[in-house]
K.L.:
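Supplied in C-alpha cells, the structure appears directly below.
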Amino acid sequence: MFLAGVVLGPLWAGVSFTLYLLAGLVGLPVFAGGASGLGVVLGPTGGFLVSFPLAAAATGLVVHGVSDLRAPADVSVPRLVTAMVVGSAVIYAVGALGFSVNQGVGVVSAVATVVLPFLPVASLKVAATVAVVRSDALVAR
C-alpha cells in the first residue's frame, strides 16, 4: 500500500486497491490465506481491507499533493515517513472500527487487540519502503 501511494500517486493508488478489493469480492483468492468473497470483507478484518484504497490514496496525497506526480527519489524522507504514518493511521482507524463493530467490543479493546501488537511491524514496513524508494530499485522505464 505504501509503495502504491508513493509510486502511483493518490488517484491510481486508490484505484489499484479498489480493483484489488473487487477482485477479492468476485472470488479471486487475493486476500490473506487465499481467501475471497463478501464474507471476508464483512468479517472481523474486513475494515482493514476496506481501508486499503483510502490509505493508499491518502499516502499518495501526502507525497504528491494534488498536482503532478514527483519522482519518488525526489521526495524528502520526512515527507515519505509522514505519508506512511498517515496511511497507517487510516488503516488502523478503519480496521479497528470495523473489528469493534463486527466483534461487538469497545474501540479501546479493538485497538489493544488489532492495532498495538502490529505497530512494531508497521514501523519496519515504513523503514523498508523508505529503503526501497531511496535505492535504485525504483527507476522510471
Side-chain angles (χ1 to χ4, degrees), residues 1-140:
M1 183 282 306
F2 293 148
L3 280 174
V6 171
V7 174
L8 300 175
L11 175 64
W12 292 111
V15 167
S16 71
F17 273 94
T18 299
L19 292 173
Y20 162 77
L21 274 178
L22 290 173
L25 283 170
V26 300
L28 295 175
V30 296
F31 300 147
S36 64
L38 184 60
V40 177
V41 175
L42 295 177
T45 59
F48 291 97
L49 293 170
V50 170
S51 74
F52 290 164
L54 303 170
T59 300
L61 189 61
V62 172
V63 169
H64 300 286
V66 294
S67 62
D68 293 332
L69 296 180
R70 324 168 174 202
D74 294 342
V75 179
S76 71
V77 170
R79 188 174 192 130
L80 287 170
V81 171
T82 300
M84 291 180 264
V85 167
V86 167
S88 294
V90 169
I91 289 172
Y92 287 128
V94 175
L97 182 61
F99 183 84
S100 173
V101 170
N102 184 277
Q103 297 297 302
V105 298
V107 173
V108 172
S109 178
V111 168
T113 304
V114 298
V115 175
L116 296 179
F118 298 96
L119 290 179
V121 172
S123 62
L124 292 174
K125 291 176 184 178
V126 169
T129 303
V130 169
V132 168
V133 170
R134 287 288 175 244
S135 72
D136 291 334
L138 293 178
V139 179

K.L.:
Run through Val114, Val107, Val111, Thr113 and flag the one making a side-chain contact (heavy atoms from CB on, under 4.5 Å) with Ser100.
P.N.:
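When side-chain contact (heavy atoms from CB on, under 4.5 Å) is applied between Ser100 and each of Val114, Val107, Val111, Thr113, only Val107 qualifies.
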K.L.:
Keeping Thr82 on the side-chain end and Pro78 on the backbone end, is there a donor-acceptor pair under 3.5 Å?
P.N.:
yes
K.L.:
Between CG of Leu69 and CG of Leu11, what distance do you get to the nearest 0.5 Å?
P.N.:
9.0 Å
K.L.:
Do you know which two heavy atoms are closest between Ala35 and Val40, and how far apart they sit?
P.N.:
CB-CG2, 3.8 Å
K.L.:
Would you sort out whether Ser51 and Tyr92 count as a side-chain contact (heavy atoms from CB on, under 4.5 Å), showing the intermediate values?
P.N.:
CA-CA 8 Å; Ser51 74; Tyr92 287 128; over 6 Å; no
K.L.:
Roughly how far, to the nearest 0.5 Å, is the OG1 atom of Thr129 from the CG atom of Leu124?
P.N.:
10.5 Å
K.L.:
Rounded to the nearest 0.5 Å, how far does CH2 of Trp12 lie from OG1 of Thr18?
P.N.:
11.0 Å
K.L.:
Would you name the heavy atoms of Leu8 and Ser16 that are closest together and state the gap between them?
P.N.:
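Distance-wise, the nearest heavy atoms are CD1-OG, 3.9 Å.
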K.L.:
What residue pairs, at least two apart or across chains, pass ring-ring contact (aromatic ring centres under 6.0 Å, His included) with a residue in residues 24-46?
P.N.:
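Qualifying pairs: Tyr20-Phe31.
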K.L.:
Spell out, as yes or no, whether a donor-acceptor pair under 3.5 Å connects the side chain of Ser36 to the backbone of Leu25.
P.N.:
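Pair absent, no side-chain N/O of Ser36 close to backbone of Leu25.
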K.L.:
Quick one: closest heavy-atom pair of Val130 and Met84, and the distance?
P.N.:
CG2-CE, 3.5 Å
K.L.:
Roughly how far, to the nearest 0.5 Å, is the CZ atom of Phe52 from the CD1 atom of Ile91?
P.N.:
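Ile91 CD1 to Phe52 CZ: 5.5 Å, rounded to 0.5 Å.
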K.L.:
How close do Arg79 and Val63 get, heavy atom to heavy atom, and via which atoms?
P.N.:
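Scanning both residues completely, I find the closest heavy atoms to be NE-O, 3.2 Å.
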K.L.:
Compare every heavy atom of Gly47 with every heavy atom of Val94, then report the nearest pair and how far apart it is.
P.N.:
CG1-O, 3.2 Å
K.L.:
Give me the atom names and distance for the closest heavy-atom approach of Phe17 to Ala4.
P.N.:
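That closest heavy-atom pairing would be CE1-CB, 3.6 Å.
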K.L.:
Applying side-chain contact (heavy atoms from CB on, under 4.5 Å) to Val133 and Val75, what does each step give before you reach the verdict?
P.N.:
CA-CA 9 Å; Val133 170; Val75 179; 5.9 Å; no
K.L.:
Do Asn102 side-chain atoms and Thr45 backbone N/O form a donor-acceptor pair below 3.5 Å?
P.N.:
no
